[in-house]
J.: 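Please see the structure below; I have some questions.
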2 protein chains.
Amino acid sequence: MPGKGDECAREVLDVVPTVMRFIRTEMRSHRALELSVPQFRSLVIIERAEGTSLAGVAAHLGLTPPSACKLIDGLAGRGMVTRKESSGDRRRVTLEITAQGAQALASARKASQKSLSRLLGALDAEELSRVTRAMSALRRVFEGRS
Amino acid sequence: MPGKGDECAREVLDVVPTVMRFIRTEMRSHRALELSVPQFRSLVIIERAEGTSLAGVAAHLGLTPPSACKLIDGLAGRGMVTRKESSGDRRRVTLEITAQGAQALASARKASQKSLSRLLGALDAEELSRVTRAMSALRRVFEGRS
DNA sequence: TATTGTTATACTCTATAACTATA
DNA sequence: TATAGTTATAGAGTATAACAATA
């Protein structure tokens, strides 16, 4: 017998990719800065946990080390992130966001939030609050797994 | 002054990619059938709207025609979808899911829903209901755009 | 020997531009 | 001329396998 969890799972499986596609398109549409979603998320992590390592980014995004490495290659090549050798453990790479990276991140975040916010304006206050709280619940459930 | 919509947008921007990554990983982990998320979604559309065209798939997924064409190439190459010439307009391609495609779809859907459902089991009944209803609201807002 | 990161390789997703066939 | 689909080309995201450097 399918329960509430199954119904919810079906909805999540159907709707999340739809929203994701909007986010991806939106992110890509800021021609000048043009951050992909994984690039955007990497910058968020590196800014929040200044001095994190490549393994840190990989873990937060649920990527394998080679994937994270290539992702950082792209950001470093565009001057948004720097790799430094860690003092203490010379195998470890310390990642830092540059001023340019921070500016691109802020700009992309602002524009994406604005677009999302405009669409979400179609919802009434109760629905908005429900969506916000639902996101919190999902974050709790999914963060860390992948 | 940032309002409820902005807060909600920030949450969506943060959480949706996280959930998406879980779905993608989950989808890929069924070694035998191995459907990507876009492939899965294509099959859903083709099964639901039997006889749809390539443009139909592109529109539903928010893809350009070449992207949809290549996506269908992959599914057709694996015997999950057939292309047929449409009667009436010979430019148009009629897409149909094969028995094998339908079986792969059912199997992938079942497995993914089960994994999602298991994780969502961490939520109580009220939260589950909130998430389900939030998904409905988001579907209403995002379906069609992209 | 174990860990951190990288390189090599391969595949999918996605786009834009140019083309074909049909309408 | 306009439309449906395709092919050509290119770049990002992702993975596994193999390797280098350090611990």
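By convention in this document, chain letters (A, B, ...) are assigned in the order of the sequence lines, proteins followed by strands, and residues within each chain are numbered from 1.
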J.: Is any NZ, NE, NH1 or NH2 atom of the basic residue among A/D73 and A/R83 found under 4.0 Å from an Asp or Glu carboxylate oxygen of the other?
T.: yes
J.: May I ask you to say what B/G56 touches in the nucleic acid, namely base, sugar-phosphate or nothing, with a heavy-atom cut-off under 4.0 Å?
T.: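 Counting heavy atoms under 4.0 Å across all strands, no contact is made by B/G56.
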J.: Whole Å only: how far is the CD atom of B/E34 from the P atom of D/dT16?
T.: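 Atom-to-atom, B/E34 to D/dT16, this comes out as 10 Å.
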J.: Could you tell me the separation between the CD1 atom of A/I72 and the C1' atom of C/dT4, rounded to a whole number of Å?
T.: 14 Å
J.: Between P on D/dT6 and CG on B/L71, what's the gap in Å once rounded to a whole number?
T.: 12 Å
J.: Are a donor atom and an acceptor atom from the side chains of A/S67 and A/T64 found within less than 3.5 Å of each other?
T.: yes
J.: Under 3.5 Å, is there a donor on one side chain and an acceptor on the other for A/E7 and B/T132?
T.: no
J.: How far apart are the C-alpha atoms of A/S36 and A/R24, what are their side-chain angles, what is the distance that settles it, and do they pass the side-chain hydrogen bond (donor to acceptor under 3.5 Å, both in side chains) test?
T.: CA-CA 7 Å; A/S36 69; A/R24 198 179 298 128; over 6 Å; no
J.: Can you tell me the distance, in whole Å, between the CZ atom of A/R78 and the C1' atom of D/dA12?
T.: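 Taking atom C1' of D/dA12 as the reference, CZ of A/R78 is at 11 Å.
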J.: What integer distance in Å separates B/M20:CE from C/dC13:C1'?
T.: 11 Å
J.: Does C/dT14 have its OP1 or OP2 closer than 4.0 Å to a side-chain nitrogen or oxygen of A/R21?
T.: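 Checking A/R21 against C/dT14: at least one side-chain N or O falls below 4.0 Å of OP1 or OP2.
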J.: Got a donor-acceptor pair under 3.5 Å from the side chain of A/K70 to the base of C/dT6?
T.: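 Answer no: no donor N or O sits under 3.5 Å from an acceptor.
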J.: Can a side chain N or O of A/R83 be found less than 4.0 Å away from OP1 or OP2 on C/dG5?
T.: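 No, A/R83 has no side-chain N/O under 4.0 Å of OP1/OP2 on C/dG5.
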J.: From CZ of B/R92 over to C1' of C/dT20, roughly how many Å is that when rounded to an integer?
T.: 19 Å
J.: With hydrogens left out and only the distance checked, is there a donor-acceptor pair under 3.5 Å joining B/R91's side chain and the base of C/dT22?
T.: yes
J.: Taking for each residue the nucleotide of DNA chain D with the nearest heavy atom, is it A/D89 or B/R24 whose nucleotide lies nearer the 5' end?
T.: B/R24
J.: Contact class for B/P38 (heavy atom, under 4.0 Å): base, sugar-phosphate, or nothing?
T.: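 It contacts sugar-phosphate atoms only.
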J.: Where the side chain of A/S53 is defined as all heavy atoms beyond and including C-beta, which of C/dG5, D/dG5, C/dT16 is the nearest nucleotide?
T.: C/dG5
J.: Is the shortest side-chain N/O distance from A/S36 to OP1 or OP2 of D/dA12 below 4.0 Å?
T.: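 The answer is no; no side-chain N or O of A/S36 sits under 4.0 Å from OP1 or OP2.
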J.: Is there a side-chain polar atom (N or O) of B/S67 under 4.0 Å from OP1 or OP2 of C/dA15?
T.: yes
J.: Ion pair present between A/E127 and B/R140, side-chain N to carboxylate O less than 4.0 angstrom?
T.: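 Yes, this pair counts.
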J.: Can you tell me the distance, in whole Å, between the CG atom of A/L54 and the C1' atom of D/dA21?
T.: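 Between C1' of D/dA21 and CG of A/L54: 15 Å.
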J.: From CG of B/D73 over to P of D/dG5, roughly how many Å is that when rounded to an integer?
T.: 13 Å
